[in-house]
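Before any comments, here is the structure.
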Amino acid sequence: MHHRSSTVLNPVTYTAALPTSRATVQHIAALLLRHRLSIGTRPGRRVLGTFAQAVLICRFLLDATRVAHLARDNAMGVSTAYRYVHEALDVLAAQAPRLRPALLAAHAAGHTHVNLDGTLVSTNRVGVQGPTIRRGRREGRRVDLWWSGKHRRHGGNVQVVTAPDGWPIWVSPVRPGREHDVTCARTHSDLLPALVEFADAGHTVLADLGYEGERTRLTCPHKVTQSRDLSVEKRSFNRVHAYVRARAEQGNAWLKNYRVLQKVTLCPWRIGAITAAVLVVLHLEHGRTT
């Protein structure tokens, strides 16, 4: 049987354009240069310059280019390409907005409310046993830590705070996909207290029924149950809440326009850094943080 060789002789090359501005790439390159100077990297010791590394990380984030392809295109080893990707992710993630400054900026911008929502970032299947024991046909076996029963796939939960029009202004570190939104919000110890500080007589924090357990701190819709019907006032409140909060879903869409967040192939614990890096690039590209 004839097997196709993994090494292609005389490969075809082509020209591609990244859907991002040169100013954004140059800004990332400047951040990478500052990082190299801080760790004492000597000139000429790197395979790639800072601009080429900035292009590499943009390809990874925007197009979800495989690391093996990045290594091939830049004539370097795969392990070196992984090191460049992780380094750039950490440099960008360090620039992500912090929660309280982001909320203060939203307050100063005149936003009457912010939205809190969780999103699942899909990842490759990972066999890490979680604390939950399966029931039914596979009773006794433990559910994978990163398995989301709600979405029926593996992934990590990231909490996203958005402006009234859905613009993402802050993202949380990642939590395993098995955890519900309210559990993740409570796990991030500064999240709910900071949102409570933001909320006052003229400002609210809108959330969906996934946060019902924190109704005293967040503004959630009323849950419809079979045992009792909602009053006219509560139904009206739910309609207004759904209308105002609908733009929150757009924040997740803004982030997931970057293909790397459609399915992460790195370690799931890197989802938080990847999402933070995407947020930084998004803010750079549109010149907006609030």
Side-chain angles (χ1 to χ4, degrees), residues 11-36 46-76 78 80-97 119-124 153 155-156 158 160 162-163 165-174 249-289:
V12 176
T13 60
Y14 64 96
T15 302
L18 276 172
T20 188
S21 67
R22 177 170 289 269
T24 296
V25 178
Q26 289 174 335
H27 187 99
I28 297 172
L31 294 174
L32 292 170
L33 177 59
R34 190 187 312 164
H35 169 72
R36 292 188 184 187
R46 294 291 193 106
V47 177
L48 296 182
T50 54
F51 188 85
Q53 187 179 3
V55 172
L56 179 145
I57 194 61
C58 285
R59 290 182 62 192
F60 178 79
L61 296 175
L62 288 159
D63 293 338
T65 307
R66 298 177 63 180
V67 177
H69 294 169
L70 294 173
R72 179 199 62 199
D73 295 345
N74 290 279
M76 59 185 178
V78 175
T80 303
Y82 271 108
R83 189 162 63 249
Y84 273 59
V85 166
H86 284 293
E87 180 184 49
L89 286 175
D90 290 334
V91 168
L92 285 172
Q95 301 297 314
T119 185
L120 186 83
V121 178
S122 297
T123 184
N124 285 353
R153 63 178 184 269
V158 175
V160 182
T162 60
D165 63 350
W167 182 256
I169 60 176
W170 178 82
V171 293
S172 74
V174 68
E249 299 296 335
Q250 188 173 341
N252 298 335
W254 273 107
L255 294 170
K256 290 186 176 179
N257 279 337
Y258 290 72
R259 295 184 61 187
V260 69
L261 291 181
Q262 295 176 16
K263 189 169 186 179
V264 171
T265 56
L266 299 182
C267 171
W269 287 112
R270 295 295 285 165
I271 291 175
I274 293 171
T275 309
V278 165
L279 181 66
V280 171
V281 176
L282 184 65
H283 284 182
L284 287 173
E285 190 65 13
H286 293 271
R288 176 184 174 185
T289 58

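Keep in mind it's a predicted model, so treat the numbers as computed, not measured.
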Worksheet entry | Whether His283 and Trp167 hold their rings parallel, tilted or perpendicular, with breakpoints at 30° and 60° | parallel
Worksheet item: Are side-chain heavy atoms of Arg288 and Leu282 found at a separation under 4.5 Å?
Response: no
Item to complete: Side-chain contact test, heavy atoms from C-beta onward, threshold under 4.5 Å: evaluate it for Val281 versus Ile57 and give yes or no.
Response: no
Discussion item. Please give me the minimum heavy-atom distance between Ile271 and Gly156, naming the atom from each residue.
Written reply: CD1-N, 3.8 Å
Discussion item. Could you walk me through whether His69 and Arg59 satisfy the side-chain hydrogen bond (donor to acceptor under 3.5 Å, both in side chains) test, starting with their C-alpha distance in whole Å, then the side-chain angles of each, then the deciding distance to 0.1 Å, before giving a yes or no?
Written reply: CA-CA 10 Å; His69 294 169; Arg59 290 182 62 192; over 6 Å; no
Practice prompt. Check whether any side-chain heavy atom of Asn74 sits under 4.5 Å from a side-chain heavy atom of Val47, and report yes or no.
Written response: no
Worksheet item: Does a sphere of radius 6.0 Å around CZ in Arg72 hold more than 12 heavy atoms from other residues, nucleotides or ligands, not counting ones at 6.0 Å or beyond?
Response: yes
Worksheet, complete the sentence: On a heavy-atom basis, the closest approach of Leu70 and Met76 is O-CE, 4.4 Å
Worksheet item: So, do Tyr258 and Thr20 sit near enough that their side-chain heavy atoms are less than 4.5 Å apart?
Response: no
Practice prompt. Calculate, to the nearest 0.5 Å, the distance between atoms CG and CG belonging to Asn252 and Leu261 respectively.
Written response: 10.0 Å
Worksheet item: Are Val160 and Thr162 close enough that some pair of their side-chain heavy atoms sits under 4.5 Å apart?
Response: yes
Fill in: Arg46 NZ/CZ over Tyr84 ring centroid, <6.0 Å and within 45° of normal
yes
Discussion item. A side-chain contact here means heavy atoms from C-beta on lying under 4.5 Å apart; do Leu89 and Ile274 qualify?
Written reply: yes
Worksheet item: About how many Å separate CG of Asp73 and OG1 of Thr65, when rounded to the nearest 0.5 Å?
Response: 8.0 Å
Response to the item:
Rounding to 0.5 Å, atoms NE2 (His27) and CG (Leu92) come to a distance of 8.5 Å
Worksheet item: Going from CD on Gln53 to CG on Leu48, what distance comes out if it is rounded to the nearest 0.5 angstrom?
Response: 7.0 Å
Item to complete: Answer yes or no: is there a side-chain heavy-atom contact under 4.5 Å between Pro97 and Thr289?
Response: no
Practice prompt. Please examine the side chains of Thr275 and Val174, heavy atoms only from C-beta on, and report whether any two atoms are closer than 4.5 Å.
Written response: no
Worksheet item: CD/Glu87 to CG/Leu56 distance, rounded to the nearest 0.5 angstrom?
Response: 10.5 Å
Item to complete: Measure the spacing between CG of Leu62 and CZ of Arg259 and express it to the nearest 0.5 Å.
Response: 10.5 Å
Item to complete: Test Ser122 against Gln262 for side-chain hydrogen bond (donor to acceptor under 3.5 Å, both in side chains), laying out the working first.
Response: CA-CA 6 Å; Ser122 297; Gln262 295 176 16; over 6 Å; no
